[in-house]
Amino acid sequence: MTAVPLRADHRRTRSRVERPADRELIAFNTSATGAADRGSFSVKVTDEAGELVGGLAAWTWGGPCGIELLWVREDSREDGWGSKIIRTAEAEARRRGCDRVAVSSFTFQAPGFYQRHGYVETGRTLGIPGGYADVHMFKSPAWDSTSSGRP
């Protein structure tokens with residue numbers, strides 16, 4: 001094999017790099033763990049005009065569910081939509097056989113929100129721009145609001 005110079009591409013090239021790499025990584029992970037039940041789902045709330053009020057994107061694989069993002073429009077944040085969205089996502093995760101949920105939230109975002117819903121901090125990644133941290137949290141359901149999140 002002839003070596004070629006490496007270069008960074010300033011455009012995101014999902015189809016040329018990430019998709020083939022995703023396929024190979026999924027095959028490797030499935031082979032190593034035996035867990036092939038990979039999936040994803042979303043929860044979406046719209047207003048009467050069809051505009052997005054809030055939503056969540058998550059993945060499931062081999063028992064865990066991972067929340068990739070949860071967002072609620074600023075003018076709707078006091079209406080309880082975040083709680084309704086996360087409860088709906090947890091119900092879907094349970095329906096899919098998940099026994100735990102993981103999420104990360106920057107300290108300037110909503111770690112307190114997740115903690116109020118039973119998520120327990122498991123670690124932090126320091127050095128986020130602005131002096132912030134990424135808070136990693138976990139919930140192992142008894143799945144109710146009184147759960148400590150601990151296994």
Side-chain angles (χ1 to χ4, degrees), residues 11-15 17-151:
R11 297 166 294 157
R12 186 164 178 152
T13 55
R14 176 129 182 98
S15 62
V17 175
E18 290 174 315
R19 285 185 187 140
D22 280 349
R23 281 192 303 274
E24 293 298 322
L25 186 57
I26 290 166
F28 176 83
N29 292 348
T30 300
S31 175
T33 65
D37 61 341
R38 186 175 182 277
S40 60
F41 68 90
S42 62
V43 177
K44 180 172 90 169
V45 178
T46 56
D47 62 17
E48 305 80 24
E51 297 296 319
L52 187 65
V53 171
L56 175 146
W59 55 263
T60 59
W61 177 62
C65 171
I67 296 173
E68 294 177 331
L69 66 88
L70 189 160
W71 172 83
V72 176
R73 192 170 67 195
E74 190 169 352
D75 67 353
S76 299
R77 291 189 181 151
E78 301 300 318
D79 298 335
W81 286 115
S83 295
K84 293 172 188 169
I85 290 168
I86 200 162
R87 284 193 303 266
T88 300
E90 288 174 353
E92 178 61 18
R94 272 193 311 276
R95 189 190 72 72
R96 292 172 177 233
C98 295
D99 59 2
R100 57 203 178 275
V101 181
V103 66
S104 292
S105 181
F106 295 128
T107 49
F108 61 86
Q109 292 176 326
F113 166 82
Y114 293 104
Q115 291 164 343
R116 287 191 302 277
H117 286 85
Y119 290 76
V120 175
E121 182 175 332
T122 58
R124 288 182 179 223
T125 300
L126 305 176
I128 301 302
Y132 296 102
D134 192 2
V135 182
H136 309 287
M137 291 165 279
F138 178 85
K139 183 176 183 180
S140 180
W143 291 98
D144 64 7
S145 60
T146 61
S147 170
S148 71
R150 291 192 167 90

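We're numbering straight along the sequence, starting at 1. Remember, predicted model here, so these are calculated numbers, not experimental data.
Side-chain contact between Ser105 and Met137 is present, with heavy atoms from C-beta onward closer than 4.5 Å. Within the 4.5 Å cutoff, side-chain heavy atoms of Tyr119 are placed close to those of Ile86.
For Thr60, the side chain to side chain contact (heavy atoms under 4.5 Å, CB included) partners two or more places apart in sequence, or in a different chain, are Phe41, Cys65, Arg96, Cys98. Taking Thr30 as the reference, Ile26, Ala36 meet the side chain to side chain contact (heavy atoms under 4.5 Å, CB included) condition, with sequence neighbours excluded. Qualifying side chain to side chain donor-acceptor pair (under 3.5 Å) partners for Arg23, counting only residues two or more places apart in sequence or in other chains: none. For Ala57, the side chain to side chain contact (heavy atoms under 4.5 Å, CB included) criterion is met by Glu68, Leu69, not counting sequence neighbours.
When all heavy atoms of Gly62 and Arg100 are compared, the closest pair comes out as O-NH2, 4.1 Å. The two atoms that bring Ser104 and Asp134 nearest to each other are CB-OD1, 3.3 Å, heavy atoms only. Shortest non-hydrogen contact noted between Asp99 and Ser140 is O-OG, 3.7 Å. Heavy-atom minimum distance, Val72 versus Leu70: CG2-CD2, 4.1 Å. When all heavy atoms of Val53 and Thr46 are compared, the closest pair comes out as CG2-C, 3.7 Å.
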**Prompt:** Step by step, would you call Thr33 with Trp61 a side chain to side chain contact (heavy atoms under 4.5 Å, CB included)?
**Reply:** CA-CA 11 Å; Thr33 65; Trp61 177 62; 3.5 Å; yes
**Message:** salt bridge (Lys or Arg N to Asp or Glu O under 4.0 Å) for Arg95 and Glu92? Distances and angles first, verdict last.
**Reply:** CA-CA 5 Å; Arg95 189 190 72 72; Glu92 178 61 18; 2.7 Å; yes
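For residues 70-86, the set of pairs meeting the side chain to side chain donor-acceptor pair (under 3.5 Å) definition, not counting sequence neighbours, comprises Asp47-Arg73, Arg73-Asp75, Ser83-His117. Sequence neighbours left out, the pairs with a member in residues 86-109 that pass ring-ring contact (aromatic ring centres under 6.0 Å, His included) are Phe106-Phe108, Phe108-Tyr132.
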